[in-house]
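In what follows, chains carry the letters A, B, and so on, assigned in the order in which the sequence lines appear, proteins first and then strands, with residues in each chain numbered from 1.
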Amino acid sequence: MTRAREARPLPRAAYERETLAVAHDLLGCRLVHDAPEGRTSGRIVEVEAYHGEDDPACHAAAGLTARTAPLYGPPGHAYVYFIYGMYHCVNVVTRDEGLPSAVLIRALEPLEGLDLMRRRRAARAPGRGNGVAIPHRALCDGPGKLSVALGLTLAHNRLDVTGPPLWIESDPGHPDPEVVWTPRVGITVGTERFWRCIAKGSPFVSRSPLNREIAPRPVLR
DNA sequence: GTACAGATAAACT
DNA sequence: GTTTATCTGTACA
């Protein structure tokens with residue numbers, strides 16, 4: 001009889017690789033956060049790569065500072081930063097220690113803990129609180145939204161993501177998604193690098209006109 | 001469907 | 001004092 005392979009957290013070696021390869025391979029995996037108030041998880045459907053001090057859009061372009069230190073740290077750890085006075089963005093550090101590189105998680109297909117996600121989102125989006133539940137597809141369709149939905153904040157910065165309470169696991173039962181590369185979103189420099197990777201056709205990716213642009217798999221310079 | 005203003009605080013210069 | 005890897009509501013087509 002066949003036995004379903006068990007999903008296990010990706011090992012550190014999965015992150016100690018070329019960043020675009022990591023970005024590509026994270027699509028289809030599940031991001032899981034076990035918080036005291038419950039578990040939330042979602043399938044990764046959109047990511048972006050930020051690589052090196054030569055990448056003008058990478059925070060490490062400004063060099064090593066208190067904020068960017070995690071990017072220079074060991075792979076398989078979270079780099080969480082606070083942005084626009086309101087939101088957090090969650091990255092996973094890649095490559096070798098000392099070489100600043102990471103993958104930004106931009107959107108998830110919500111899988112577990114949808115009620116908890118809705119409560120967290122509604123508490124932070126008063127305009128949505130007029131009795132209309134946030135639809136499934138809009139719970140985690142952006143980096144700020146998924147951080148709220150999963151309850152991730154600066155408290156999780158530098159956390160090891162190879163095991164509880166926060167980890168990424170493969171999903172052996174799920175087919176590898178077809179992927180599309182596009183320019184990265186929300187930046188004013190480095191837009192010539194097509195380092196955003198999305199699961200083709202997923203209704204759970206962030207709203208962006210760039211969703212229509214496609215490109216072949218890029219290479220690191 | 002697209003376009004824009006405003007909210008709001010940490011980190012950096 | 002300036003910048004920011006965002007989101008939301010409102011306005012308009």
Colleague: Any salt bridge between R30(A) and E112(A), counting N to O under 4.0 Å?
Modeller: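 Salt bridge flag = no for E112(A) with R30(A).
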
Colleague: The side chain of Y50(A) lies closest to which of these nucleotides: dA11(B), dA5(C), dT6(C)?
Modeller: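 Nearest to the side-chain atoms of Y50(A), counting from C-beta on, is dA5(C).
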
Colleague: Could a donor-acceptor pair under 3.5 angstrom be found where the side chain of Y81(A) meets the base of dA5(C)?
Modeller: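 Result: at least one qualifying N/O pair found.
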
Colleague: Taking the nucleotide of DNA chain C with the nearest heavy atom to each, does I83(A) or G142(A) sit closer to the 5' end?
Modeller: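 The answer here is I83(A).
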
Colleague: Quick check, does Y84(A) stack with dT6(C)? I mean ring centres under 5.5 Å and planes off by under 30°.
Modeller: yes

Colleague: What is the distance, rounded to the nearest whole Å, between atom CG of L104(A) and atom P of dT4(C)?
Modeller: 16 Å

Colleague: Counting the atoms with a prime plus P, OP1 and OP2 as sugar-phosphate, which does G144(A) contact under 4.0 Å by heavy atoms, base, sugar-phosphate, or nothing?
Modeller: sugar-phosphate

Colleague: If you check every side-chain atom of I187(A), which of dA5(C), dC12(B), dA9(B) has the closest atom?
Modeller: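 From the listed options, dA5(C) comes nearest.
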
Colleague: Looking only at the side chains, is there a donor atom on one of E109(A) and S202(A) sitting less than 3.5 Å from an acceptor on the other?
Modeller: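 There is no such pair (donor and acceptor under 3.5 Å, judged by atom type) between the side chains of E109(A) and S202(A).
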
Colleague: Is the phosphate of dT8(C), meaning OP1 or OP2, less than 4.0 Å from a side-chain N or O of R121(A)?
Modeller: yes

Colleague: With both distances under 3.5 angstrom, what nucleotide forms a Watson-Crick or G-U wobble pair with dA3(B)?
Modeller: dT10(C)

Colleague: Assess the pair F204(A) and H136(A): is the distance between their ring centroids shorter than 6.0 Å?
Modeller: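 Aromatic pair counts; centres sit under 6.0 Å.
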
Colleague: Can you tell me the distance, in whole Å, between the NE2 atom of H88(A) and the P atom of dC7(C)?
Modeller: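 One finds 13 Å between P of dC7(C) and NE2 of H88(A), rounded.
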
Colleague: For R207(A) and dT8(C), give me the distance from atom CZ to atom C1', rounded to whole Å.
Modeller: 14 Å

Colleague: Checking contacts here: which listed nucleotide (dA9(B), dA5(C), dT8(B)) is nearest the side-chain heavy atoms of M86(A)?
Modeller: dT8(B)

Colleague: If only atom types and distance count, is the side chain of R39(A) paired as donor or acceptor with the main-chain N or O of D34(A) below 3.5 Å?
Modeller: no

Colleague: Once you round it to whole Å, what is the distance between C1' of dA5(C) and CG of N91(A)?
Modeller: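 Atom CG in N91(A) sits about 8 Å away from atom C1' in dA5(C).
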
Colleague: What is the base-pairing partner of dG1(C), counting Watson-Crick and G-U wobble geometry with both distances under 3.5 Å?
Modeller: dC12(B)

Colleague: Give a yes or no on whether the ring-centroid distance for H33(A) and H156(A) is below 6.0 angstrom.
Modeller: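 Centroid distance H33(A)-H156(A): below 6.0 Å, so yes.
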
Colleague: May I have the distance from H59(A) (atom NE2) to dC12(B) (atom P), rounded to whole angstrom?
Modeller: 10 Å

Colleague: Take the protein atom CZ of R67(A) and the nucleotide atom P of dA5(C), then report the distance between them rounded to whole Å.
Modeller: 7 Å

Colleague: Classify F82(A) by what it touches in the nucleic acid, base, sugar-phosphate, or nothing, heavy-atom distance under 4.0 Å.
Modeller: sugar-phosphate

Colleague: Measure from CD1 on I134(A) to P on dC7(C) and round the result to the nearest Å.
Modeller: 12 Å

Colleague: Rounded to the Å, how far apart are D141(A) CG and dT8(C) P?
Modeller: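 My rounded result for the distance is 8 Å.
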
